[in-house]
Each structure stands twice: as C-alpha cells, then as structure tokens.
Protein chains: 2
Amino acid sequence: MPKRFGVGPPWWHGRFRECGYRLTTPRESILDVLSKTSKHLSAEDIYLEVHNIYPTIGLTTIYRTLGLLVQMGFVSKFDFGDGRARYELSMGPKSVGHHHHLVCTSCGRVIDYTDFIEEEKELLSKTEKELSKRYNFKISNHLIQFYGLCERCKNKK
Amino acid sequence: MPKRFGVGPPWWHGRFRECGYRLTTPRESILDVLSKTSKHLSAEDIYLEVHNIYPTIGLTTIYRTLGLLVQMGFVSKFDFGDGRARYELSMGPKSVGHHHHLVCTSCGRVIDYTDFIEEEKELLSKTEKELSKRYNFKISNHLIQFYGLCERCKNKK
DNA sequence: CTCCTATTGATAATGGTTTTCATTATCAAT
DNA sequence: ATTGATAATGAAAACCATTATCAATAGGAG
C-alpha cells in the first residue's frame, strides 16, 4: 500500500538529496505554499505567501528556487501573456495533475482543464512519437493553451 | 484565377483602411521584412532589418506596429522562454501557414512543423468545440509547443 | 493647399527577473 | 560537539525587454 499523503516526510525530501541539492527552510516554505494551492501563482504571489510563514525570505530566493524546481521537473512555468511568469506544482497531492489551459484574452482569466477528450491523450503521445522520429527530437514536455473569451467577457460585448 | 503574389498592391493594403488605420511607410517596411522571412524574429531583429531600408525607424514604432498587427490578426506573437517575444506573419506568401513549434530547451532552437498527423487537425477542432461548450468559452486561437532536446543537443550529452 | 488628427521617434520610465557579493547555513569528516 | 568546505541566502544594484510621454511630423479628406 502506498504511503498516504500527509504522513511522513513530504514526497520531495529524497529527490532533493538525489540531485545534490540541500533541502532548506526557505525551499521547504516555497514548496509548502505551492503544494497548498491549485492557483497559478506569480513569483511575487509566492513571495507574499511565503513571507507569512518565513518573514525573512528574499524575492531573490523565490526566483532561484523556482528555477531549481522547474529544472528538477517539480514545477511548471507558464506564460499567460501578462508579463509575469506563473508557476504550478506539476506533481503532488493538491496538484490536479497534467492539464491544459484556457486563457481569456480579455480579462486574463485562466481555466484549467484536465478532463481531456478520450482521444486527446492518445493522439498526443502518437504525435510526440511521430515528431520525435521525424525531427530527431527528444520530446520531454508539451504546452497546450487555447485562447479566447471567457463567459463573462463574451457576454460583455 | 486568384491574383498572383508579387504583382499589384500587397494583400494587406485594404485591410488597414478597413480597420481605420493608415498604411504608412514605417508600417509597410515592417510588413515587408516580416513577409520576406520565415524566421522567428524578435522586436529588435525586426528593428535591425527595417533599419536597413528605413533608417529613421524607431524601436517604439516597431513595438507599436507589432501590437497593431497582432491585434489585427496579421501577426502571431510567441514566447519561447528566452525573455523576448517572437513575431511571425500568420498569413501571406512566405508564411508557412498555421504551424506548431518544437522548442529545444538546451540551445533554444525552434523547429516549425506544418505536416500535422492526419488526425491532428480534426481532433483539435473537435477539442475546441467540446471545450467551448463545456466552459462557455469562445475559442479563437490555440498554442501548441513541444519541448525537448534537438538532434545536436541530444547527442552532445 | 490646409487643417485636423493619427503616427512617429527620442527619451525616460517601468517592472519583472538576474547578478553580485558579503554573510549565513548545511552537512560530512573529524 | 567542532570544524571546514561548500552551498544557499538576501539586500542591493544591474539588466533589459517593453511601455509611456510628448513634441514634432506626415497622411488624407475636404
């Protein structure tokens, strides 16, 4: 039986050591905030949140740690076109798992969707396989976003 | 028989007037550069190119015009994660037409691919339709990018 | 040709992200 | 527990793509 979430050390403890990095208080605080939300937080959002539980944190450390987490594959970095990057835990309990985004070009609202159409996943892996072969490319990730007007903005016109 | 490209006024002349904008020399120069390449140019790339044929151009005008062209749907704006936006003509002779990107996370190289798998287009429109209905979202565009290691970088390891 | 207005471009400002560097914390070996 | 090598931190400054400001200029309807 797999270990339940919420008991024992968080799942990421081991991975840090494996990669040769130290799991420090600032880093844990950042992971803590990320794991307790399913929102799309900016670096400053995270800074403000972490600041509550670890007041001496610096914005620099936020950026550095996020870079590390992205590199380790724990965190995904997104650009929704508003000039600041957004970060989401890409694995873990509160995470919705892999998902794509609907971005409203008018108000900037972002909707996650995980309920893929049946064939969507299947086609995606097929496409990745095909592209890998054709372009001799080792594909490790993909980004899919749809742009348009959300319910509110659509009716506003 | 459709008008051949290269003769008569460029295809975009009319569209400007329709939208209530003036077609000025700086704007034409920018469109000229964009229509003669299939690369992913940054604002500064475009600035340097246009500067050759219209030396008094200002970087400000580049940004303003690109914003206009994006808004009019002539140009697509992309973010490949290197901190600067890239622009491509989304219609016209030299344009490869709608395409997706393979982005190398190591060297930043970008490969366009237009030769979609047969089912890809079909599924995409099906997905858009489904999402529009489910989230009451008017989808007008999408972005699909695959990340990984290009041939060169893959072998370098 | 003239006037009104959109457009331009030099400059300064903005703001998210990175760099720098002196200080501090971590962990393995003692 | 103590030490020492090294990684990590954070305040401040630097960076740099993009935007705002504003006086000067150009387009085009009349």
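The structure presented is a predicted model; accordingly, all values stated were derived computationally and were not measured. Quick note on labels: first sequence line is chain A, next is B, and so on, each numbered from 1.
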Subject >> Intra- and interstrand pairs of DNA chain C - dot-bracket, Watson-Crick/G-U under 3.5 Å, | marks other strand >> reply: ||||||||||||||||||||||||||||||

Subject >> From CD (A/E151) to SG (A/C104), nearest 0.5 Å >> reply: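 The distance works out to 11.0 Å.
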
Subject >> Salt-bridge contact A/K126-A/E122 (side-chain N to carboxylate O under 4.0 Å) >> reply: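 Not counted as a salt bridge, because no side-chain N and carboxylate O are separated by less than 4.0 Å.
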
Original post:
Between C/dT17 and A/Y63, is there an OP1 or OP2 to side-chain N/O distance shorter than 4.0 Å?
Top reply: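 Yes, such a contact exists.
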
**OP:** Examine C/dT7: is either OP1 or OP2 under 4.0 Å from a nitrogen or oxygen in the side chain of B/R64? Give yes or no.
**Re:**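 Result: no.
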
Original post:
What is the nucleic acid contact for A/Y54, judged by heavy atoms within less than 4.0 Å: base, sugar-phosphate only, or nothing?
Top reply: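 Answer is sugar-phosphate: A/Y54 comes under 4.0 Å of backbone atoms only.
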
Original post:
Hey, does A/S42 reach any base, or is it just sugar-phosphate, or nothing, if we go heavy atoms under 4.0 Å?
Top reply: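 Contact class for A/S42: none.
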
Atom [atom1] of [X] and atom [atom2] of [N]: how far apart are they, to the nearest Å?
X     : N      : atom1 : atom2 : value
B/L66 : C/dT8  : CG    : C1'   : 15 Å
B/I57 : C/dA10 : CD1   : C1'   : 13 Å
B/D45 : D/dT18 : CG    : C1'   : 15 Å
A/R84 : C/dT14 : CZ    : C1'   : 12 Å
A/Y47 : D/dT9  : OH    : P     : 15 Å
B/H51 : C/dG9  : NE2   : P     : 10 Å
A/E44 : C/dG15 : CD    : P     : 11 Å
A/L41 : C/dG16 : CG    : C1'   : 16 Å

Original post:
Tell me, do B/L23 and B/H13 make a side-chain contact under 4.5 Å, heavy atoms counted?
Top reply: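 Heavy-atom side-chain distance check passes, below 4.5 Å.
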
Original post:
Any side-chain heavy atom of B/L31 sitting closer than 4.5 Å to one from B/K36?
Top reply: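 A side-chain contact under 4.5 Å is absent here.
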
What nitrogen or oxygen pairs link the protein and nucleotides 12-14 of chain D at under 3.5 Å?
residue	atom	partner	partner atom	Å
D/dA12	N6	A/T60	OG1	3.2

Original post:
Side chains of A/Q145 and B/H142: is there a donor and an acceptor less than 3.5 Å apart?
Top reply: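 On atom types as modelled, these side chains do not qualify, holding no pair under 3.5 Å.
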
Counting only pairs under 3.5 Å, give me each side-chain donor-acceptor contact of residues 63-75 of chain A, with atom names and distances, residues two or more places apart or in other chains.
residue	atom	partner	partner atom	Å
A/T65	OG1	A/T61	O	2.8
A/Q71	NE2	A/Y21	OH	3.2

Original post:
Just by modelled atom types, is the B/G148 backbone N or O under 3.5 Å from a matching donor or acceptor in the B/T105 side chain?
Top reply: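 Judged by distance alone, yes, a pair lies under 3.5 Å.
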
**OP:** Could you tell me whether the side chain of A/T37 and the main chain of A/L34 form a donor-acceptor pair under 3.5 Å?
**Re:**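 No, the answer is negative, given that no donor and acceptor are paired below the 3.5 Å cut-off.
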
**OP:** Scan for ring pair (Phe, Tyr, Trp, His ring centres under 6.0 Å) pairs involving residues 24-44 of chain B, sequence neighbours excluded, and state none if there are none.
**Re:**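 Ring pair (Phe, Tyr, Trp, His ring centres under 6.0 Å) check on residues 24-44 of chain B returns B/H40-B/F80, B/H40-B/H101.
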
Subject >> Out of D/dT18, D/dT9, C/dG16, whichever nucleotide has its closest atom nearest the side chain of A/T61 >> reply: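 Out of D/dT18, D/dT9, C/dG16, the nucleotide with an atom closest to A/T61's side chain is D/dT9.
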
**OP:** Please tell me which of the listed nucleotides, C/dT7, C/dG9, D/dA17, lies nearest to the side chain of B/R27?
**Re:**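 Nearest listed nucleotide: C/dT7.
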
Original post:
Which class fits the ring pair A/Y135 and B/Y113: parallel under 30°, tilted 30 to 60°, perpendicular over 60°?
Top reply: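 Aromatic pair A/Y135/B/Y113 classed tilted.
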
Show me the donor-acceptor pairs, under 3.5 Å and distance only, between side chains in residues 44-52 of chain A and residues at least two apart or in other chains.
residue	atom	partner	partner atom	Å
A/D45	OD1	A/S42	OG	3.4
A/D45	OD2	A/S42	N	2.9
A/D45	OD2	A/S42	OG	3.1
A/H51	NE2	A/P55	O	3.1

Original post:
Please walk me through it: do B/K77 and B/E88 pass side chain to side chain contact (heavy atoms under 4.5 Å, CB included)?
Top reply: CA-CA 7 Å; B/K77 180 179 180 180; B/E88 297 177 42; over 6 Å; no

**OP:** Please tell me which of A/L59 and A/L68 maps to the more 5' nucleotide of DNA chain D, matching each residue to the nucleotide holding its nearest heavy atom.
**Re:**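 In this pair, the answer is A/L68.
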
Subject >> Summary of protein contacts for nucleotides 23-30 of chain C, nucleotide by nucleotide, where a base hit scores B, a sugar-phosphate-only hit scores S (4.0 Å, heavy atoms) >> reply: --BB-S--

